[in-house]
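Letters A, B, ... are given to chains in the order of the sequence lines, protein chains preceding strands, and every chain is numbered from 1. All values reported here derive from a predicted model rather than from experimental measurement. Values below: all heavy atoms of this structure, side chains included; hydrogens, waters and symmetry mates excluded.
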Amino acid sequence: MTIDELVQSQREWLRNDGPESSIVVSSRIRLARNLAAFPFISKLSEEDRRRVIETLRKAVRKTTFGQNCTLFSMNDLSSLDRKLLVECHLISRELADAEGLRSAMISANGQFSLMFIEEDHLRMQCIKSGFCLSEVWREINELDDQIEKNAVYAWNRKLGYLTACPTNVGTGMRVSVMLHLPALGLTRQFTKVHNSLQKISLTVRGLYGEGSQAWGDFYQISNQVTLGVTEEELIQQVQDVVRAVIGYEEKAREFLLTENRERLENGISECLRMIRNSSEMKPQPTLQCLSAIRLGINLGLVSDIPIETVNQLMLQIQPAYLQWIYGGVESSLDGNEFRSQYLKKHLLKILG
Amino acid sequence: MKCQKCDKKAVLHLSDLTGGKPVEIHLCAEHAQEYLSQNQGGAQEQVNMASALATHLAQQMAFTKASNEFSKTDQETCPMCGITFFEFRTSSKFGCPNDYEVFSRQLLPMLMNIHGEERHTGKAPKHSSEETSQKLAELIHMRQEMAEAISNENYEKASVLRDQIKQRESEAGIA
């Protein structure tokens, strides 16, 4: 499978068929692991990097998942290809921007991706549509067990899985749920939620993780602590909080629908008008428009367009994707103009 | 570790205990000052902050005390990977699994600061044990020893080490 095929192929987690998917876009778990026989990344020679990748590649190939995925060596990819993978949430920005030998193994539907030589020897993630952390955990746990059959991890009873940075030691697990919370945004209640989350040591981030902004009311809630709690407890913690946040968002949506329906409808029309009439669209207003349309579909105010299309547009309006689509076209248009064209083309049905 | 408000190095590491459960705070010198002066607000808050700060400062004192010993501590080196504590302190990344053991004294307050816990209670590998993991970690040192033996032209020692390394690696499925 080539990068082009991978980018074009349907991503399972955007399908919007998971539980609670009107509010929860996706559930994701990542595990950090290191091979016992090699130093961590900072002390790894180029030759050892090659051997770590090779050992992990072999171990992953022997798993049931391994036959169905492709290995990409970062040094063989263009910078645009690497950016595309970041935008698709398949690799981290750190892996894309680093130097030296490093690779990623990615499944065709984008559900699993394993990064070799990121901050740790192995960072694997499983991502699925909707609110289904237990299912995601079952799958990635199974993959972890299968890999570990053929590769001995750095682990001890006292501290668990040993990672390059002590902030990940223990379970090496980051549980992360991507939420769409437009009604909490509109009713200005998100700050309250945000503050209460911080008090229980959960983190809230934007669409693209650390350092990214929460444009379009898309947020990721994840755990911070990795030591002294079991994987199941961590999942439970995040699950409980997310369930509460879903409840708040539902109440806020209900309130908007009964008390403020006109304002909602006007807001959506305004967004559609903006897409129709502008010849340039910047990323932030675009995500705000997509957010309003997504809310509109979920509340039955917008029809004729599946949510899946809006989910996909969230990634497709990112700079590298647009460059990939329009790159071959001789043109003087810039990214914002391409974005505008792309949106018009894909939202034709509802733009009228 | 970086300051949570900017890219500078964090010098103040606190656990804010005012909210019931500890919230970690990592700030550079500048933002630490801002944080401390900001939190001298309302009377009620001041009481809470005062007690919290007392705790923090006690922790920081322990840290500072440690920092006075840093010149000595900084030189401490892991015999396996060769990383010094100074290198770890400045990059917040360890060099090998053995560092958790070598620097365990300095690590403990850090783990309590980050996680509020010091013991793993989660998953264990199904197909290997702590002992296998530790035995394989010795390879890191053995490879270094072999390289040293070669550079000292002690080829006899190097070849013995090479055979031992090869055997252990092939048993563990290392490429």
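Of the listed residues (A/Asp48, A/Asp145, A/Leu44, A/Leu35), the one with the most heavy-atom contacts under 4.5 Å to chain B is A/Asp145. With respect to chain A, the highest number of heavy-atom pairs below 4.5 Å among B/Ile140, B/Asn98, B/Leu139 belongs to B/Ile140. With respect to chain A, the highest number of heavy-atom pairs below 4.5 Å among B/Glu169, B/Met142, B/Glu131, B/Arg119 belongs to B/Arg119. Interface remark: of the candidates B/Ser128, B/Pro97, B/Ser91, B/Pro97 forms the most heavy-atom pairs closer than 4.5 Å to chain A. For the options A/Gly172, A/Gly160, A/Ala151, A/Ala59, heavy-atom pairs under 4.5 Å to chain B are most numerous at A/Gly160. With chain B as the partner, the residue from A/Arg50, A/Glu231, A/Arg157 showing the most heavy-atom pairs under 4.5 Å is A/Arg157. Chain B forms the most heavy-atom pairs under 4.5 Å with one residue out of A/Cys165, A/Gly170, A/Pro166, and that residue is A/Pro166. Of the listed residues (A/Thr171, A/Leu159, A/Ile41), the one with the most heavy-atom contacts under 4.5 Å to chain B is A/Leu159.
Under the 4.0 Å criterion applied to side-chain N and carboxylate O atoms, B/Glu138 and B/Lys135 are not assigned as salt-bridge partners. Between A/Glu54 and A/Arg57, at least one side-chain nitrogen of the basic residue sits less than 4.0 Å from a carboxylate oxygen of the acidic one, meeting the salt-bridge criterion. A salt bridge links A/Asp144 with B/Lys123; the closest basic N to acidic carboxylate O contact falls under 4.0 Å. A/Lys128 has a carboxylate O that lies under 4.0 Å from a charged side-chain N of A/Glu139, or vice versa, which qualifies the two as a salt bridge. Under 4.0 Å is where a charged nitrogen must lie from a carboxylate oxygen, and between A/Asp240 and A/Arg243 no such pair does. Salt bridge absent: B/Lys157 and B/Glu148 never bring a charged side-chain N and a carboxylate O closer than 4.0 Å.
A/Val52 does not touch chain B: none of its heavy atoms, backbone or side chain, sits under 4.5 Å away. For A/Asn156, the parts lying near chain B are the backbone and the side chain together; criterion is any non-hydrogen pair under 4.5 Å. For B/Ile83, the parts sitting under 4.5 Å from any heavy atom of chain A are the backbone and the side chain alike. Of the two parts of A/Glu119, only the side chain, counted from C-beta on, holds a non-hydrogen atom closer than 4.5 Å to a non-hydrogen atom of chain B. Using a 4.5 Å cut-off between heavy atoms, A/Tyr153 touches chain B through its backbone atoms (N, CA, C, O) alone. When heavy atoms are compared at a cutoff of 4.5 Å, B/Arg143 approaches chain A solely by way of its side chain, counted from C-beta outward.
At least one side-chain heavy atom of A/Leu143 sits under 4.5 Å from a side-chain heavy atom of A/Ile147.
Put simply, the residue from A/Arg30, A/Met178, A/Arg28, A/Arg205 that forms a side chain to side chain contact (heavy atoms under 4.5 Å, CB included) with A/Ser222 is A/Arg205.
Taking the six-membered ring where the residue is Trp, B/Phe103 and B/Phe85 present tilted rings, their angle falling between 30° and 60°.
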